[in-house]
Amino acid sequence: MTPEVTVAIDPHVHSEGSYDGHEPVELLLEQASDIGLDGIVVTDHDTIAESLRAAELAPQYGLVGIPGVEVSTAAGHLLAIGVEERPEPHRPLDETVEWIRDAGGTAVVPHPFQRTRHGVRKGHITDCDAIEVYNAWIFTGYRNRRARKFAAHWDYPGVAASDAHSAKYIGRAYTELTIEGVGSKADLDSNRVVDAIGNGDAEVHGRRQPLTRSVQHYALGAGRKVGHGVAASLSSFARF
């Protein structure tokens, strides 16, 4: 019988390295370990420094270390999971997907169709490795259902993620992966996890963030342009 392990990963988390994140990666890793996750991917906006640090520190918390970044493409946001360099922002979506693959990563479209959060429109998704079919920051369940239906129709693997911007919301949504050929979690490496995300052998789990937090996040995202620096109006918003 082929050995296998099942791991729970939250593949979309923000640290203080992101313009809209609030807490150091040490706190995020500690929270992930405390609630029983096997790993998180810190995906800050257009910057990867803190994610690389989180991936290096992860084994100290009993977690698999997986770097990543949420890059702004010409069509909207894209998660580059498993890469050690940031893709060049503002490039075409398909070109960025290919860059991520060439770098050994997996390209995941987060919160699709949500223009206020710079999600990629349906007509622009012609190639990727997976779709985020459950995002815990969704204002209502409609967008998640639409994403799930789109992924099923076009045979894209689905993932779930918290999109947490503070530690207490980590794990509100997560992706459960079954990885064959691995005898124990101690033998697991990040490459096997990254490959499994795109292979489609996953279960998604989640619950939405509190409504008040979703409203704040919606307002913050609606006030920004894709890939631009922190807007001056950010100071008028309370941190989550």
Side-chain angles (χ1 to χ4, degrees), residues 9-21 25 28 39-58 65-132 135 137 147 150-151 154 156-157 159 161 163-165 190-191 193-198 217 220-234:
I9 305 292
D10 188 343
H12 186 179
V13 173
H14 295 275
S15 79
E16 63 183 0
S18 190
Y19 74 84
D20 53 357
V25 296
L28 305 182
I40 60 173
V41 187
V42 174
T43 51
D44 292 330
H45 290 284
D46 295 320
T47 179
I48 198 170
E50 289 304 298
S51 184
L52 293 173
R53 196 165 70 86
E56 183 177 357
L57 292 173
I66 307 169
V69 60
E70 185 168 4
V71 61
S72 302
T73 77
H77 288 178
L78 182 68
L79 300 181
I81 297 177
V83 300
E84 296 187 353
E85 295 181 28
R86 183 201 69 175
E88 185 69 23
H90 315 304
R91 304 299 299 169
L93 179 67
D94 289 355
E95 180 180 307
T96 308
V97 169
E98 286 301 318
W99 187 99
I100 293 168
R101 289 173 179 158
D102 289 344
T106 293
V108 179
V109 176
H111 43 72
F113 322 136
Q114 299 178 68
R115 294 308 298 161
T116 54
R117 299 181 64 205
H118 315 302
V120 180
R121 297 188 183 192
K122 181 171 66 173
H124 292 166
I125 303 176
T126 57
D127 187 27
C128 66
D129 297 313
I131 301 286
E132 192 177 72
N135 179 292
W137 277 110
F150 177 87
W154 293 104
Y156 286 118
V159 303
D163 198 356
H165 290 69
S190 62
N191 291 331
V193 176
V194 171
D195 290 344
I197 290 173
H217 190 65
L220 181 62
R224 289 183 53 83
K225 295 181 179 180
V226 174
H228 284 244
V230 179
S233 61
L234 266 180

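Numbering of residues begins at 1 and proceeds along the displayed sequence.
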Is the side chain of Asp20 donor-acceptor paired with the backbone N or O of His165 at a distance under 3.5 Å, no angle test? no
Does Asp127 have any salt bridge (charged side-chain N to carboxylate O under 4.0 Å, His left out) partners at least two apart in sequence or in another chain, and if so, which? Arg101
I'd like to check Val109 versus Pro112 (side-chain heavy atoms, cut-off strictly below 4.5 Å). Are they in contact? yes
Side-chain donor-acceptor pair present, Asp163, His12, cut-off under 3.5 Å: yes
When rounded to the nearest 0.5 angstrom, what is the spacing between OG in Ser72 and NE2 in His77? 3.5 Å
The side-chain contact (heavy atoms from CB on, under 4.5 Å) partner of Pro87 among Ile100, Asp46, Ile48 is Ile100
Just checking, is any N or O donor in the side chain of Ser51 or Asp44 under 3.5 Å from an acceptor N or O on the other one? no
Can any side-chain N or O of Arg121 pair as donor or acceptor with the backbone N or O of Phe113 at less than 3.5 Å? no
Would you check, one step at a time, whether the test side chain to side chain contact (heavy atoms under 4.5 Å, CB included) holds for Val69 with Thr43? CA-CA 4 Å; Val69 60; Thr43 51; 5.7 Å; no
When you check the gap from the basic side-chain N to the acidic O, do Arg53 and Glu50 get nearer than 4.0 Å? yes
When every non-hydrogen atom of Pro67 is compared with those of Gly65, the smallest separation belongs to CD-O, 4.0 Å
Heavy-atom closest pair (Gly104 atom, Val194 atom, distance to 0.1 Å) is O-CG1, 4.1 Å
As a quick check of understanding, evaluate side chain to side chain contact (heavy atoms under 4.5 Å, CB included) for Leu78 and Val120, giving each step before the final call. CA-CA 8 Å; Leu78 182 68; Val120 180; 5.8 Å; no
Any chance the side chains of Asp129 and Thr106 put a donor and an acceptor closer than 3.5 Å? no
Can you name the closest pair of heavy atoms from Gly105 and Val83 and give their distance? CA-CG1, 3.9 Å
Taken in chain and number order and not counting sequence neighbours, the residues that satisfy ring pair (Phe, Tyr, Trp, His ring centres under 6.0 Å) with His124 are none
Derivation and outcome, side chain to side chain contact (heavy atoms under 4.5 Å, CB included), residues Arg86 and Thr47: CA-CA 7 Å; Arg86 183 201 69 175; Thr47 179; 5.7 Å; no
Should Val159 and Ile9 be marked as a side chain to side chain contact (heavy atoms under 4.5 Å, CB included) after you check the CA-CA gap, both sets of side-chain angles, and the distance that decides it? CA-CA 10 Å; Val159 303; Ile9 305 292; over 6 Å; no
Looking at every non-hydrogen atom in both residues, tell me the closest pair between Ala161 and Pro11 and how far apart they are. CB-CD, 3.7 Å
How long is the straight-line distance from CG of Leu93 back to OG1 of Thr126, given to the nearest 0.5 Å? 6.5 Å
How about Val13 and Val41: do any of their side-chain heavy atoms sit closer than 4.5 Å? no
Take atom CD in Glu95; do more than 12 heavy atoms of anything else shown fall under 6.0 Å from it? yes
Rounded to the nearest 0.5 Å, what separation is found between the CD atom of Glu85 and the CH2 atom of Trp99? 5.0 Å
Interatomic distance, NE2@His118 vs OG1@Thr73, rounded to 0.5 Å, equals 11.5 Å
Tell me if the CD atom of Glu98 is crowded by more than 12 foreign heavy atoms within 6.0 Å. yes
Within the distance-only criterion (no hydrogens, no angle test), does the side chain of Arg115 pair as donor or acceptor with the backbone N or O of Gly119 below 3.5 angstrom? yes
Counting only N and O atoms by type, is there a donor-acceptor contact under 3.5 Å from the side chain of Thr96 to the main-chain atoms of Pro92? yes
Any side-chain heavy atom of Ile131 sitting closer than 4.5 Å to one from Ile125? yes
State, to 0.1 Å, how close Glu70 and His111 come at their nearest heavy-atom pair, and which atoms those are. OE2-NE2, 3.3 Å
For residues Pro89 and Val71, report the shortest heavy-atom separation together with the two atoms involved. CA-CG2, 4.0 Å
